[in-house]
Amino acid sequence: MTGPAFDTPVPPAAADALVASGIEVAFGGIKALAGVGATVVPGRIVGLIGRNGSGKSTLFNCMTGFVRPGAGRVTLGGADITGLPAERVVRAGIARTFQTPRIAEGADVRTAVLCGFFNSAKTSFMGSVAGFGAARREERRLREEADAVLEGLGLADLRHTEVRRLSMGLVRMVDVARCIASGARFILLDEPAAGLTQAEQETLSRQIRDVAARGVGILLVEHNFALVRSLCETVVVLETGRVLCEGAPETVARDPRVLRSYLGAVGESDEQGEAAA
Amino acid sequence: MTFWANHRNTLIAIAAVLIAAPFVASRPVWLDSAVILGVYALLALSVGISYGQAGILTMSQGAFASVGAYAAALCSARWGWPPFTDLVLAMLLPAVLAYGVGRVVTRLSPLATALATLALGSVISIYIRHADDLTGGYVGFAGIPAIGFIDTPLEYAVLAWLLVIAVVYGYENLMRSAHGRALNVLQQDQARARADGIDVARSMSAAFALSAAIAGIAGWLYAHYVSVLSPESLDTNISVTALLMAVVGGAGYVLGPIIGTVLFDTLTRLLPAAELQGLFYGLALVVILLVARTGLMGLGEQLIGAARSGLGRRAAPAAGLPARAAS
Ligand SMILES: Nc1ncnc2c1ncn2[C@@H]1O[C@H](COP(=O)(O)OP(=O)(O)OP(=O)(O)O)[C@@H](O)[C@H]1O
Ligand SMILES: [Mg+2]
């Protein structure tokens, strides 16, 4: 007897993958997710697309410990991490950005990125208070690393700018920087390119590719299909809490169901994106 | 150079103490006040870390101080420990207590956490009253020895303010570290903190433990200086006063609590009658909550900011989006 799709063994190549399978989430009777799965492999970029309200962010929340799924499993390298508290998911090596960025009042760009390094800081709480040489050296190292991350994303000049003074697009970019800073093996980006200028989008794409080239697996929610096509090898299409189809961007783009459900709706912006590219 | 940049508050505190020292030293009465003021400054700083940084509205600092004070009394008067060794216990005991309680209560809402700290303070003071064999019950302790060679009010005043400066230094170190940033983040947005990998309950508890240890130092100093100790010495009134001092000065700022302490002390001295004290405290709290929720330091910062942007408006273009094109 064959079980449901999510019971099939993970292919050997993906032994250290981040896998969500059979995820179900209901919000007061409304099923936001009804058996959704997605696999992210180290070094690869997977796109996650679908109309507004199709459940993309909810899937993110399930994979990062912010929402406990009603059914289904999330595994990391085979280990079950379903329902683990969010902070422990991050420590296990999965970081995320928020669709609506969460900004700390008054923090400048570098401080925001420094916050992302919380996990790689070795000094203990009391060690930080004592402020001995090791603590000071670590702080200096973190600052250098934060600057390097900002450099990569073209944000170096904004280091000392308050985050709340940035455009929404750049705030998202700072969030991506914070995510990269965590040193996670898997990064989940929720519409990171929304509100960015063309030039900023290109910087972001380049950085996402660089990060993936370093062996980080990336799950990318993005409405701009041209961007998805240029970055992703695989795309998962969601519709009202189900996986509509999954495959290479070209295959997905030709799928009549996808055209009807999703791409038709965003076709215009897609054409614009391609025209600009 | 970098020390100045990283430890501005420490240097300001040192400078202020050095400037005040000659005046204070000229009058024995003022020296006595300086010691007590130092004890209060330590307590207010402990509130700053707990409330200003970790968001725990603490009503148990007086109780933590009394744990430190009783540790000092027991170790030195009864068990004859060498000077300063009792300080370790005076810090450790409140810290362990605070950490344990913190792990449980920091999961609650801010109000419930505040009430839990109030309850903790009451439990500690009830225990002290009733553990006759250990604490001397209602009678308490007398003849707590001085701290080794430190004997005169001048020496105590120097020690008190050295401790204050040391605490400011450590506080500043903390706020420039990953743990300090974590406290900043979790106080504003717990989901954001968790996405950074911050264990919220653990970070808050660690800050609460540090704050309790500092209150323990205050109690230790108080016990040795005054040399008598009873359950009334460091009660809930002290907790509330320390809280007010910190909030009025600006609990979120490193030096805010110290400014609040000095201001409160000066104003209560000017009051004609001690009965007016309660009225004055209430009034101070209402005014701060209405006019400047971030305390005097926050008010000062706002005024400076307003003055700057007022002056700068003509000289520079409005500070909307930073000049990205120019960079
Ligand atoms: N906390 C919540 N409480 C109730 N309903 C929710 C909650 N979060 C999401 N939903 C519902 O779940 C469904 C999926 O929402 P989700 O945010 O995951 O969609 P999305 O694909 O990310 O959409 P968008 O493109 O607009 O970001 C929607 O119908 C939404 O209204
Ligand atoms: Mg979404």
Side-chain angles (χ1 to χ4, degrees), chain A residues 64-66 85-92 95-98 101-107 109 111-112 114-132 135-136 138-140 142 154-158 160-162 165-167 170 175 178-179 181-182 184 197 200, chain B residues 2-3 6-7 10 49 91 95 99 166-167 169-211 213-214 252 294 301 305 318-327:
Chain A
T64 51
F66 281 90
E87 63 273 13
R88 299 206 20 215
V89 171
V90 180
R91 254 175 279 155
R96 55 125 6 125
T97 65
F98 293 94
R102 294 171 164 267
I103 322 161
E105 190 73 20
V109 168
T111 307
L114 276 171
C115 290
F117 282 104
F118 182 79
N119 272 308
S120 63
K122 302 268 184 305
T123 313
S124 67
F125 191 93
M126 286 316 292
S128 306
V129 175
F132 293 140
R136 285 207 297 274
E138 170 159 84
E139 184 63 15
R140 216 171 310 137
L142 293 185
L155 297 171
D157 295 327
L158 294 172
H160 301 299
T161 309
E162 269 187 59
R165 289 180 179 275
L166 301 178
S167 68
L170 285 177
D175 234 18
R178 191 169 180 156
C179 206
S182 73
T197 65
E200 288 162 353
Chain B
T2 41
F3 188 84
N6 297 348
H7 292 94
T10 310
I49 291 172
M91 291 172 74
Y99 189 78
V167 166
Y169 174 75
Y171 188 175
E172 226 167 7
N173 282 338
L174 174 67
M175 296 322 292
R176 280 184 55 83
S177 76
H179 293 283
R181 286 188 290 270
L183 291 174
N184 279 333
V185 175
L186 72 84
Q187 208 190 348
Q188 296 188 25
D189 185 346
Q190 296 208 351
R192 173 70 264 179
R194 298 174 70 208
D196 283 337
I198 296 162
D199 184 330
V200 173
R202 193 168 154 184
S203 281
M204 285 174 79
S205 305
F208 193 41
L210 175 64
S211 126
I214 293 166
T294 47
E301 202 177 64
L321 261 183
R324 236 182 102 63
S327 59

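Atoms considered below: every heavy atom in the structure, side chains included; atoms not considered: hydrogens, waters and symmetry mates. Reminder, nothing fancy here: chain letters follow the sequence lines and each chain counts from 1. This is a predicted model, so every value here is computed, not measured.
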Open item on the list: For a side-chain contact (heavy atoms from CB on, under 4.5 Å) check, start with the C-alpha distance between B:Arg194 and B:Val200, then their side-chain angles and the critical distance, and finish with the verdict.
Closed with: CA-CA 7 Å; B:Arg194 298 174 70 208; B:Val200 173; 3.9 Å; yes
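- Proximity of B:His179 to B:Leu174: side-chain heavy atoms (C-beta onward) are separated by under 4.5 Å at one or more points.
- When heavy atoms are compared at a cutoff of 4.5 Å, B:Asp199 approaches chain A by way of both its backbone and its side chain.
- For B:Ser203 against A:Phe118, the heavy-atom pair with the smallest separation is OG-CZ, 4.4 Å.
- In this structure, the portion of B:Leu210 lying under 4.5 Å from any heavy atom of chain A is its side chain and not its backbone.
- In this structure the side chain of B:Met204 reaches within 4.5 angstrom of the side chain of B:Leu186, judged on heavy atoms.
- Heavy atoms closer than 4.5 Å to chain B are found in both the backbone and the side chain of A:Pro85.
- With a 4.5 Å cut-off on side-chain heavy atoms, A:Leu142 and A:Ser120 count as touching.
- Here the side chain of A:Glu138 pairs a donor or acceptor atom with the backbone of A:Lys122 at under 3.5 angstrom.
- For A:Phe98 and A:Phe66, the ring centers are positioned less than 6.0 Å apart.
- Annotation: maximal heavy-atom pairing with chain A below 4.5 Å, among B:Ala206, B:Gly180, B:Ala209, occurs at B:Ala206.
- In this pair, B:His7 and B:Tyr169 present their aromatic rings parallel. The plane angle is below 30°, not in the 30 to 60° band.
- Taking the side chain as every heavy atom from C-beta outward, B:Met175 and B:Asn184 approach each other to under 4.5 Å.
- Contact of B:Ala193 with chain A is not made at all, since no heavy-atom distance falls under 4.5 Å.
- Of the atoms belonging to A:Thr123, it is backbone heavy atoms, and not side-chain ones, that fall under 4.5 Å from chain B.
- Listed options A:Ala107, A:Ser124, A:Ala135, A:Cys179 were ranked by heavy-atom pairs under 4.5 angstrom with chain B; first place goes to A:Ser124.
- Contact of A:Ala130 with chain B is made through the backbone alone, with heavy-atom distances under 4.5 Å.
- Most heavy-atom pairs under 4.5 Å with chain B: of the set A:Asn119, A:Thr111, A:Leu114, this distinction falls to A:Leu114.
- Neither the backbone nor the side chain of A:Arg88 has a heavy atom closer than 4.5 Å to any heavy atom of chain B.
- Both the backbone and the side chain of A:Phe125 come within less than 4.5 Å of a heavy atom in chain B.
- The most heavy-atom pairs under 4.5 Å with chain B, out of A:Ser128, A:Ala95, A:Gly116, come from A:Ser128.
- The parts of B:Ala207 that come within reach of chain A are both its backbone and its side chain, each placing non-hydrogen atoms under 4.5 angstrom from that chain.
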